[in-house]
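Notes follow once the structure below has been shown.
What you see below is based on every heavy atom in this structure, not just the backbone, and it leaves out hydrogens, waters and symmetry mates.
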Amino acid sequence: MPRYTVHVRGEWLAVPCLNSTNTIEWLGKEAVRRYMKNKPDNGGFASVEEVKFYIRRCKGLGLLDLDDTVGDALEDNEFVEVVIEGDIMSPDFIPSQPEGVHLYSKYREPEQYISLDGNSLTTEDLVNLGKGLYKIKLTPEAEAKVKQSREVIERIIKEQTVVYGITTGFGKFARTVIPNSNLRELQVNLVRSHSAGVGKPLTPERSRMLLALRINVLAKGYSGISLETLEQVIKAFNASCLPYIPEKGTVGASGDLAPLSHLALGLIGEGKMWSPKSGWADAKYVLEAHGLKPVTLKPKEGLALINGTQMITSLGCEAVERAGAIARQADIIAALTLEVLKGTTRAFDTDIHAVRPHRGQAEVAFRFRSLLDSDHHPSEIAESHRFCDRVQDAYTMRCCPQQRESACFHACRFCRNLVHFFCIGVENMNWMVFAEREETISGGNFHGEYPAKALDYLAIGVHELAAISERRIERLCNPSLSELPAFLVTEGGLNSGFMIAHCTAAALVSENKALCHPSSVDSLSTSAATEDHVSMGGWAARKALRVIEHVEQVLAIELLAACQGIEFLRPLRTTTPLEKVYDLVRSVVRPWIKDRFMAPDIEAAHRLLVDQKASAGFWLVWEVAKPYIEKYRREHIPESRPISPTAFSLGSLRMSADDSHDHRHQNEL
């Protein structure tokens with residue numbers, strides 16, 4: 001018998017349908033009738049017939065024709081929403097789709113699998129799992145380890161041994177022994193009571209990353225979870241059944257208790273859950289719609305599901321990937337700005353950077369040369385100011401390699417290595433089960449101090465990209481510094497051009513300065529002083545992502561401003577790779593002839609920096625420039641050798657004036 005799950009005024013109702021020729025209007029009326037039946041005052045209605053409504057799908061929010069039959073319009077177990085005319089949506093109402101889910105509507109159930117053993121997951125794997133590109137399965141070795149650790153737990157229960165979290169309460173109640181008859185209830189109560197987070201739910205992509213990372217930790221075989229339960233969790237992941245996980249509430253020790261408890265709450269069929277098929281709905285309905293049953297927790301399994309730093313680590317993984325991407329593209333945008341402001345490439349000479357042998361600095365300088373070398377890529381703009389009387393550029397142009405090295409390169413590399421370590425090398429759980437010793441031991445691997453410190457460092461490092469970019473935007477907009485029209489627009493006064501876009505960049509940079517205050521220097525004692533020093537790693541991860549998003553937006557504004565600056569230098573053309581970047585921007589944003597609504601243009605440029613081309617896995621701006629950078633690398637073999645302090649022999653890396661020095665600013669000192 002077909003059955004539909006219908007949302008009416010915040011309640012979910014299961015409506016069976018005996019006849020597939022019944023209309024959508026019938027389904028709506030039947031749902032309203034059941035809703036009224038459950039209300040003491042009939043929901044404020046005298047009869048079903050007086051209720052005026054329309055019906056839409058939960059997935060995609062498409063409106064349904066009331067005259068269509070349910071058999072023609074809906075799939076079995078589909079989720080729909082009855083919207084009653086005249087109702088005002090509460091600002092606290094959980095929408096049918098989370099933020100950004102229009103991008104997720106293209107989700108297709110993957111066919112390929114990633115095998116998890118707890119020791120091999122990479123940050124790239126985790127990001128791809130978050131995007132829904134793979135399903136998960138366990139390796140035979142992982143299954144064997146999970147079984148062995150569960151046998152230890154079963155022995156403890158059988159022998160009625162007193163062990164924390166298995167036969168005792170939690171935290172301050174660690175000395176309270178729980179009877180065997182209440183051990184399952186103990187685990188359910190743990191999950192329910194610890195599901196105390198607040199704030200917006202994590203996006204589907206972040207929820208998938210969190211769930212995948214938790215599965216990977218459990219696959220290591222130290223948690224005591226049963227293979228049966230772990231396989232149920234994996235099935236939920238593979239069906240993209242994602243619990244409602246508020247982003248706020250973790251102090252990062254003992255692990256991310258609140259977020260992971262919300263994760264477990266959905267898996268046991270309570271709270272809210274989202275899937276591409278259903279949108280937001282009661283967890284039990286979402287699981288049932290996918291042919292799944294709620295998890296029935298056995299002793300120790302609630303603790304196994306909620307104790308770890310997976311929220312910090314999964315968000316940190318996203319932060320590292322995005323930071324690395326925007327840092328690479330910042331080099332391209334800075335090079336474009338330097339070209340528009342008629343700067344020199346002499347500051348990127350190989351000998352200068354050989355004297356200070358820092359790997360990141362040398363690589364950034366190399367990228368500038370590869371994009372701006374007038375001999376390699378003739379530039380009419382560069383040729384136009386070859387004999388100008390300027391001798392050097394402002395720091396935000398000529399010091400880009402040094403600033404980028406100190407600001408971002410080391411922070412990204414350090415944080416990437418640490419996040420990777422937490423993905424594969426750490427069993428961060430309290431009361432670990434060592435099957436070979438047939439023993440459980442309490443430790444502190446759940447503490448989030450490591451990733452918290454690293455993510456604070458990452459935020460500080462990446463922020464500088466925006467701080468430097470904002471100064472370049474000022475130079476582009478200021479006619480006394482750029483020799484371009486004020487605010488990059490004709491008929492200034494009638495038009496304001498980039499005036500407020502620069503203000504937006506300044507506001508984001510200022511906000512970042514506050515966000516860069518390290519969260520990990522703070523601690524508040526919790527759990528009656530049992531957890532007397534915590535990491536605040538959850539906030540470190542979330543604010544690092546906010547900082548990175550602001551950096552992306554500031555650089556998007558600079559990208560637009562630089563391309564607009566080129567309009568005033570036409571018909572002169574820049575180098576081939578930078579012309580390709582310009583063409584990419586112009587494919588989504590047209591030049592400003594006069595003022596227009598600017599926010600959509602900024603968002604379009606932002607998307608060019610953060611969207612990936614699925615077939616290649618590259619960010620779009622980077623994808624356009626990378627072939628030219630790599631071609632230049634191949635043609636300048638001495639410069640493409642691995643960079644290390646011992647590699648910086650002036651003789652081996654020096655290039656002659658004829659083949660390396662740009663012919664800009666010939667009189668530069």
Side-chain angles (χ1 to χ4, degrees), residues 1-98 101 192 195 201 236 239-244 262 265-294:
M1 177 194 307
R3 196 194 72 167
Y4 305 97
T5 304
V6 186
H7 185 261
V8 182
R9 284 185 168 177
E11 293 193 12
W12 291 93
L13 304 162
V15 180
C17 182
L18 296 175
N19 190 345
S20 62
T21 61
N22 286 337
T23 64
I24 296 294
E25 183 178 18
W26 171 87
L27 179 63
K29 287 184 176 181
E30 180 63 16
V32 171
R33 185 188 70 77
R34 291 168 182 256
Y35 169 80
M36 292 172 58
K37 182 179 179 181
N38 292 335
K39 299 294 179 181
D41 62 348
N42 290 331
F45 302 115
S47 68
V48 173
E49 299 303 323
E50 77 171 41
V51 181
K52 304 298 181 183
F53 59 83
Y54 61 90
I55 300 181
R56 63 188 179 194
R57 300 178 191 274
C58 287
K59 179 182 177 181
L61 304 181
L63 291 176
L64 296 170
D65 190 320
L66 297 181
D67 293 329
D68 284 347
T69 65
V70 293
D72 291 337
L74 300 175
E75 297 178 5
D76 184 23
N77 243 334
E78 189 159 350
F79 287 66
V80 297
E81 184 174 15
V82 172
V83 182
I84 297 173
E85 291 184 7
D87 278 1
I88 298 175
M89 184 175 292
S90 165
D92 299 323
F93 175 69
I94 301 171
S96 295
Q97 307 288 333
V101 83
R192 288 171 175 163
S195 297
S240 202
C241 295
L242 307 173
Y244 181 95
H262 281 276
L265 189 72
L267 295 172
I268 66 174
E270 300 184 16
K272 300 293 182 183
M273 185 174 269
W274 181 92
S275 81
K277 179 178 181 179
S278 67
W280 288 114
D282 289 345
K284 60 182 179 182
Y285 291 137
V286 176
L287 291 170
E288 187 174 335
H290 291 272
L292 304 176
K293 294 182 179 180

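A heavy-atom distance below 4.5 Å is not found between the side chains of Leu265 and Tyr244. Side-chain contact between Val286 and Phe79 is present, with at least one heavy-atom pair separated by less than 4.5 Å. Side-chain atoms of Pro201 and Trp274, non-hydrogen and from C-beta on, never get closer than 4.5 Å to each other. In this structure, the side chains of Val70 and Pro2 stay at 4.5 Å or more apart for every pair of heavy atoms.
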Test Leu74 against Leu64 for side chain to side chain contact (heavy atoms under 4.5 Å, CB included), laying out the working first.
CA-CA 9 Å; Leu74 300 175; Leu64 296 170; 3.8 Å; yes
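Expressed to the nearest 0.5 Å, how far CD of Glu25 lies from CG of Asp67 amounts to 7.0 Å. The NE2 atom of His262 lies 13.5 Å from the NZ atom of Lys272; values are rounded to the nearest 0.5 Å. Once rounded to the nearest 0.5 Å, the distance linking CD1 of Ile84 with CD1 of Ile55 reads 10.5 Å. Atom-to-atom distance recorded for Glu75:CD and Tyr4:OH is 9.5 Å, nearest 0.5 angstrom. Interatomic distance, CE of Met273 versus OH of Tyr285, reported as 14.5 Å (0.5 Å rounding). The structure places CG of Leu292 at 10.0 Å from OG of Ser275, a figure rounded to the nearest 0.5 Å.
The minimum heavy-atom distance between Cys241 and His290, with the atom names listed, is SG-CD2, 3.4 Å. Annotation for Asn77 and Ala289: closest pair ND2-CA, 3.6 Å, computed over non-hydrogen atoms. Considering all non-hydrogen atoms of both residues, Trp12 and Cys58 come closest at CH2-SG, 3.7 Å. Nearest heavy-atom pair, Leu267 versus Ala236, reported as atom, atom and distance to 0.1 Å: CD2-CB, 3.7 Å. Shown here for Arg34 and Pro16, the closest heavy-atom pair between the two residues is NH2-CD, 3.5 Å. The minimum heavy-atom distance between Val6 and Ala31, with the atom names listed, is CG1-CB, 3.5 Å.
Proximity of a side-chain donor or acceptor of Asn42 to a complementary backbone N or O of Gly44 within less than 3.5 Å is not detected. Between the side chain of Arg192 and the main chain of Glu270, no donor-acceptor pair closer than 3.5 Å is present.
Applying the salt bridge (Lys or Arg N to Asp or Glu O under 4.0 Å) criterion to Glu11, with sequence neighbours excluded, gives Lys39. The side-chain hydrogen bond (donor to acceptor under 3.5 Å, both in side chains) search around Asp72 returns Thr69, not counting sequence neighbours.
Each of Asn38, Val32, Val82 was evaluated against Leu13; a single residue qualifies, Asn38, per the side-chain contact (heavy atoms from CB on, under 4.5 Å) test.
Note on Arg3 versus Asp76: no salt bridge recorded, every NZ/NE/NH1/NH2 to OD/OE distance being 4.0 Å or above.
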